[in-house]
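Structure first, commentary second.
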Amino acid sequence: MDEKEILSALALMRINYFSLSGLSLMYRELGSASLIVEHRNNIRELFPDASEKLANGLRGIDAALSRAEAEMDFCSKHGIEPLVMNDSRYPARLRECDDAPLVLFYRGNADLNRQRVVSIVGTRHCTAYGREMTDRFVSELKRLCPKVLIVSGLAYGVDINAHRAALNNGYETVGVLAHGLDRIYPARHRDTAVQMIGRGGLLTEFFTQTNADKVNFVRRNRIVAGMSDACILVESAAKGGGLITARLARDYNRDVFAFPGKVGDEYSVGCNNLIRSNGAALITSAQDFVDAMVWNTDAELGAARQRGIERQLFPSLSAEECAVADALQRQNDMQMNMISVKTDITIARLTAILFEMELKGVVKPLAGGAYHLLG
């Protein structure tokens with residue numbers, strides 16, 4: 001992506017940081033941050049409903065452009081990649097969310113559009129039970145599905161245990177930060193963070209010189225939720241950041257799971273309440289999770305490929321329906337958000353396409369939001 005587009009996108013982030021949905025709508029309609037900046041003096045001719053704050057910010061964007069140039073310089077010196085929303089490396093699942101950041105800063109080597117992405121979250125006051133559940137889950141998941149990207153927030157407790165369990169089991173893992181990539185918070189997690197850069201990555205929407213303020217952790221949670229297929233809550237008190245992430249995941253139509261805990265235990269209350277209110281499905285193992293997600297194990301997929309299973313496409317399908325069918329031929333029983341990633345068709349449009357294909361007898365929906373190609 002050219003430097004002008006990246007600079008423009010960074011400048012827009014600076015002037016409209018707390019109203020990303022409006023900025024995102026403009027960007028999605030025009031398809032270019034540079035075009036928005038070029039129309040900075042007449043933005044309401046293109047978008048009559050643009051807020052006064054945004055219009056004023058655009059007219060005075062020069063300072064933001066200067067700050068964007070400094071950020072670009074820091075990125076180039078420290079191996080950080082700014083990922084603008086229409087960059088193919090930007091998390092496609094997150095892109096579908098209305099409040100997705102226009103730009104993400106990324107340092108790492110993991111594919112953020114891995115076929116399977118799971119977020120593991122929970123309390124900062126992780127107990128021995130929480131550590132055991134995390135370790136056991138990740139170890140078993142690695143055996144069932146070796147190619148999964150594990151996402152969390154690098155915080156104390158469940159987050160750091162999830163990252164370390166992923167590394168110990170040979171998974172790549174990405175930490176979503178509540179500050180810029182010029183620091184690591186908490187500092188005691190630096191060694192783990194360094195390992196993750198080589199076997200996963202660090203991701204943030206925040207510029208350098210941004211403090212790890214409380215509000216930033218809440219904002220960070222939506223990225224953890226939005227870039228994943230499913231969110232797993234390990235332990236939580238009656239209130240906490242893990243519950244916020246789980247709620248956001250549900251708002252984004254992601255699957256949410258929780259481990260039950262002993263009645264009366266402080267850091268099991270949140271999970272038990274969420275399960276009781278049908279805010280999360282109960283799991284006790286990775287096998288429960290894989291079954292609920294209708295994820296074939298890699299061993300099963302390999303056996304299917306060796307048998308040469310092929311499905312006959314239907315001649316009456318539209319071009320978009322053929323694209324969906326072709327994606328399901330290569331990997332059947334995919335969830336809608338992954339079909340969207342593979343076909344580059346928006347979730348809103350894909351919903352209608354899959355409904356038509358179901359009426360034609362081409363696909364059938366499965367539990368967990370997946371679709372199966374018939375043939």
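These values consider heavy atoms only, across backbone and side chains, with no hydrogens, waters or symmetry-generated copies.
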**Q.** Between Thr284 and Asp288: side-chain donor-acceptor atoms closer than 3.5 Å
**A.** yes

Q.
Less than 4.5 Å apart, side chain to side chain, heavy atoms only: is that true for Val118 and Trp295?
A. yes

Q: Look up atom OG1 in Thr210 and atom CG in Asp182, then write down how far apart they are to the nearest 0.5 Å.
A: 7.5 Å

Q) Would Arg59 and Asn56 count as a side-chain hydrogen bond (donor to acceptor under 3.5 Å, both in side chains) if you check the C-alpha gap in whole Å, the side-chain angles of each, and the deciding distance to 0.1 Å? A) CA-CA 5 Å; Arg59 285 190 288 268; Asn56 289 335; 2.3 Å; yes

Q: Start with the C-alpha gap between Asp229 and Gln335, add the side-chain angles, then the distance that decides, and say whether side-chain contact (heavy atoms from CB on, under 4.5 Å) holds.
A: CA-CA 8 Å; Asp229 295 303; Gln335 290 184 294; 3.6 Å; yes

Q: Tell me yes or no: between the side chains of Ser34 and Glu5, is some donor less than 3.5 Å from an acceptor?
A: yes

Q. If you count the non-hydrogen atoms of other residues, nucleotides and ligands that lie under 6.0 Å from CD in Glu3, is the total more than 12?
A. no

(Q) With side-chain contact (heavy atoms from CB on, under 4.5 Å) as the criterion, how do Leu149 and Asp111 come out once you've worked through the C-alpha distance, each side chain's angles and the decisive distance to 0.1 Å? (A) CA-CA 8 Å; Leu149 179 63; Asp111 179 2; over 6 Å; no

Q.
side-chain contact (heavy atoms from CB on, under 4.5 Å), that's the test. Do Leu12 and Leu58 meet it? Break it down for me.
A. CA-CA 8 Å; Leu12 290 173; Leu58 280 170; 3.6 Å; yes

Q. So Arg183 and Asn211, side-chain hydrogen bond (donor to acceptor under 3.5 Å, both in side chains) or not? Walk me through it.
A. CA-CA 9 Å; Arg183 68 192 70 188; Asn211 293 326; 3.2 Å; yes

Q: Please test His163 against Gln195 for side-chain contact (heavy atoms from CB on, under 4.5 Å), starting from the C-alpha separation and ending with a verdict.
A: CA-CA 10 Å; His163 291 307; Gln195 291 183 59; over 6 Å; no

Q. Asn273 and Arg276: side-chain donor and acceptor closer than 3.5 Å?
A. yes

Give the table of side-chain donor-acceptor pairs shorter than 3.5 Å for residues 348-357, with sequence neighbours excluded, one pair per line with atom names and distance.
from, atom 1, to, atom 2, distance (Å)
Arg349, NE, Glu320, OE1, 3.0
Arg349, NH2, Glu320, OE1, 2.8
Thr351, OG1, Ile347, O, 2.9

Q.
With a 4.5 Å cut-off on side-chain heavy atoms, are Leu203 and Met227 touching?
A. yes

Q | Any side-chain heavy-atom pair of Tyr252 and Asp99 under 4.5 Å | A | yes

Q) Any salt bridge between Asp2 and Lys4, counting N to O under 4.0 Å? A) no

Q) Going by an N to O cut-off under 4.0 Å, is there a salt bridge joining Arg14 and Glu71? A) no

Q. Are the side chains of Ser236 and Leu274 in touch, meaning some heavy atoms are under 4.5 Å apart?
A. no

Q: Could you check Tyr90, Phe207, Phe74, Phe206 and say which one makes a ring pair (Phe, Tyr, Trp, His ring centres under 6.0 Å) with Phe105?
A: Phe207

Q. Does the side chain of Leu154 come within less than 4.5 Å of Ile160's, by heavy atoms?
A. yes

Q. Has Arg114 got its NZ or CZ under 6.0 Å from the middle of the six-membered ring of Tyr171, at an angle within 45 degrees of the ring axis?
A. no

**Q.** Between Arg219 and Asn216: side-chain donor-acceptor atoms closer than 3.5 Å
**A.** no

Q | Linked, directly or transitively: Leu30 and Tyr27 (ILVMFWY side chains, under 4.5 Å) | A | yes

Q: Evaluate the side-chain proximity of Arg67 to Gln209: yes if any heavy-atom separation is below 4.5 Å, no if none is.
A: yes

**Q.** Under-4.0 Å salt bridge between Arg136 and Glu140
**A.** no

Q.
How about CG on Asp73, more than 12 heavy atoms from neighbouring residues, nucleotides or ligands closer than 6.0 Å, or not?
A. yes

